[in-house]
Amino acid sequence: QVQLVESGGGLVQPGGSLRLSCAASGSYFSISSMGWYRQAPGKEREFVASFNRYGGTNLADSAKGRFTISRDVAKNMVFLQMMSLKPEDTAVYYCKAVTGAMDYWGKGTLVTVSL
């Protein structure tokens, strides 16, 4: 199985930047995709960004032009660099990993964008 731990959340002002990290650990055969979702209070969890099995990336429309997903394969880590943050980016951000058989989720890290 896979364990995922997010870090890097916090309070930032509008227009600021923040980098989230996700560390994967545990014993498993393979991960086919890995990325980020977020959930704001009273809203459904939504896709933000991900890597596919070939190293390509996908970004939600809300993330394009502002967010960048990256990874360190040797360290089994994935990152989300968030720039030009807006109040509507406020949410709990979750790391997700998918193997051939299961989905794995971290516990989330809170990002608050406010004056």
Side-chain angles (χ1 to χ4, degrees):
Q1 62 177 356
V2 178
Q3 292 83 47
L4 302 172
V5 179
E6 305 97 333
S7 62
L11 174 64
V12 296
Q13 62 183 346
S17 300
L18 203 62
R19 189 170 94 146
L20 306 182
S21 300
C22 174
S25 62
S27 298
Y28 51 88
F29 288 100
S30 64
I31 295 177
S32 59
S33 66
M34 196 167 179
W36 295 92
Y37 286 68
R38 69 185 184 186
Q39 187 168 20
K43 300 183 67 177
E44 293 185 348
R45 189 171 299 184
E46 65 177 0
F47 169 79
V48 178
S50 68
F51 277 101
N52 60 33
R53 61 182 294 183
Y54 306 108
T57 59
N58 292 303
L59 293 173
D61 288 343
S62 61
K64 292 179 179 177
R66 300 189 301 124
F67 294 1
T68 301
I69 186 170
S70 60
R71 64 181 180 177
D72 186 332
V73 177
K75 294 183 177 180
N76 295 317
M77 297 187 71
V78 64
F79 309 92
L80 184 68
Q81 179 67 245
M82 304 185 293
M83 297 158 285
S84 301
L85 284 162
K86 306 173 182 178
E88 50 263 45
D89 294 318
T90 295
V92 176
Y93 284 71
Y94 296 91
C95 183
K96 179 184 179 181
V98 179
T99 67
M102 297 183 64
D103 294 350
Y104 299 91
W105 294 91
K107 294 182 178 179
T109 184
L110 177 63
V111 172
T112 302
V113 185
S114 176
L115 293 173

- Query: Does the pair Phe51 and Ser33 meet the rule for a side-chain contact (heavy atoms from CB on, under 4.5 Å), with working shown?
  - Reply: CA-CA 6 Å; Phe51 277 101; Ser33 66; over 6 Å; no
- Please assess Glu6 against Leu20 for the test side-chain contact (heavy atoms from CB on, under 4.5 Å), listing each intermediate value before the final yes or no. CA-CA 7 Å; Glu6 305 97 333; Leu20 306 182; over 6 Å; no
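Residue pairs that meet the disulfide (SG to SG under 2.5 Å) test with at least one member in residues 42-71, sequence neighbours left out, do not exist here. Residue pairs that meet the disulfide (SG to SG under 2.5 Å) test with at least one member in residues 52-89, sequence neighbours left out, do not exist here. The list of disulfide (SG to SG under 2.5 Å) pairs with a residue in residues 36-92, not counting sequence neighbours, is empty. Listed by first then second residue, pairs satisfying salt bridge (charged side-chain N to carboxylate O under 4.0 Å, His left out) with a partner in residues 10-22 number zero, not counting sequence neighbours.
Rounding to the nearest 0.5 Å gives a distance of 8.5 Å between OG of Ser70 and CG of Leu80. How far OG of Ser50 is from CD1 of Ile69: 6.0 Å, rounded to the nearest 0.5 Å.
Cluster annotation: Tyr54 is not connected to Leu59 through the hydrophobic network of ILVMFWY side chains, with a link wherever side-chain heavy atoms come within less than 4.5 Å.
Residues meeting the salt bridge (charged side-chain N to carboxylate O under 4.0 Å, His left out) test with Arg66, sequence neighbours left out: Asp89. The side-chain contact (heavy atoms from CB on, under 4.5 Å) check on Thr68 picks up Gln81, Met83, with sequence neighbours excluded. With sequence neighbours left out, the salt bridge (charged side-chain N to carboxylate O under 4.0 Å, His left out) criterion links Lys64 to Asp61. Shown here are the side-chain contact (heavy atoms from CB on, under 4.5 Å) partners of Ala23, two or more places apart in sequence or in another chain: Met77. Take Glu46 and apply the side-chain hydrogen bond (donor to acceptor under 3.5 Å, both in side chains) test, not counting sequence neighbours, and it matches Arg38. With sequence neighbours left out, the side-chain contact (heavy atoms from CB on, under 4.5 Å) criterion links Val12 to Leu18, Leu85, Val113.
Pairing each heavy atom of Ser17 with each of Ser84, the nearest pair is OG-N, 4.4 Å. Pairing each heavy atom of Leu4 with each of Ala97, the nearest pair is CD1-N, 3.6 Å. Scanning all heavy atoms of the two residues, the minimum distance from Gly26 to Gln3 falls at CA-OE1, 3.3 Å. Across every non-hydrogen atom of Gly55 and Arg71, the tightest pair is CA-NH2, 3.4 Å. When every heavy atom of Ser32 is checked against every heavy atom of Thr99, the shortest pair comes out as OG-O, 3.8 Å.
Between the side chain of Thr109 and the backbone N or O of Gly9 there is at least one donor-acceptor pair closer than 3.5 Å. With Gln39 contributing its side chain and Ala91 its backbone, the two residues share no donor-acceptor pair below 3.5 Å.
No more than 12 heavy-atom neighbours from other residues, nucleotides or ligands sit within 6.0 angstrom of CD on Glu44.
Clustering of Ile, Leu, Val, Met, Phe, Trp and Tyr by side-chain heavy atoms under 4.5 Å joins Val98 with none of the others. Listed by chain and number, the hydrophobic cluster partners of Tyr94 are Tyr37, Phe47, Val92, Trp105, Leu110, where partners are ILVMFWY side chains within reach of under 4.5 Å, directly or through others.
Taking the side chain as every heavy atom from C-beta outward, Ser62 and Glu88 never approach each other to under 4.5 Å. Side-chain atoms of Thr90 and Ser114, non-hydrogen and from C-beta on, never get closer than 4.5 Å to each other.
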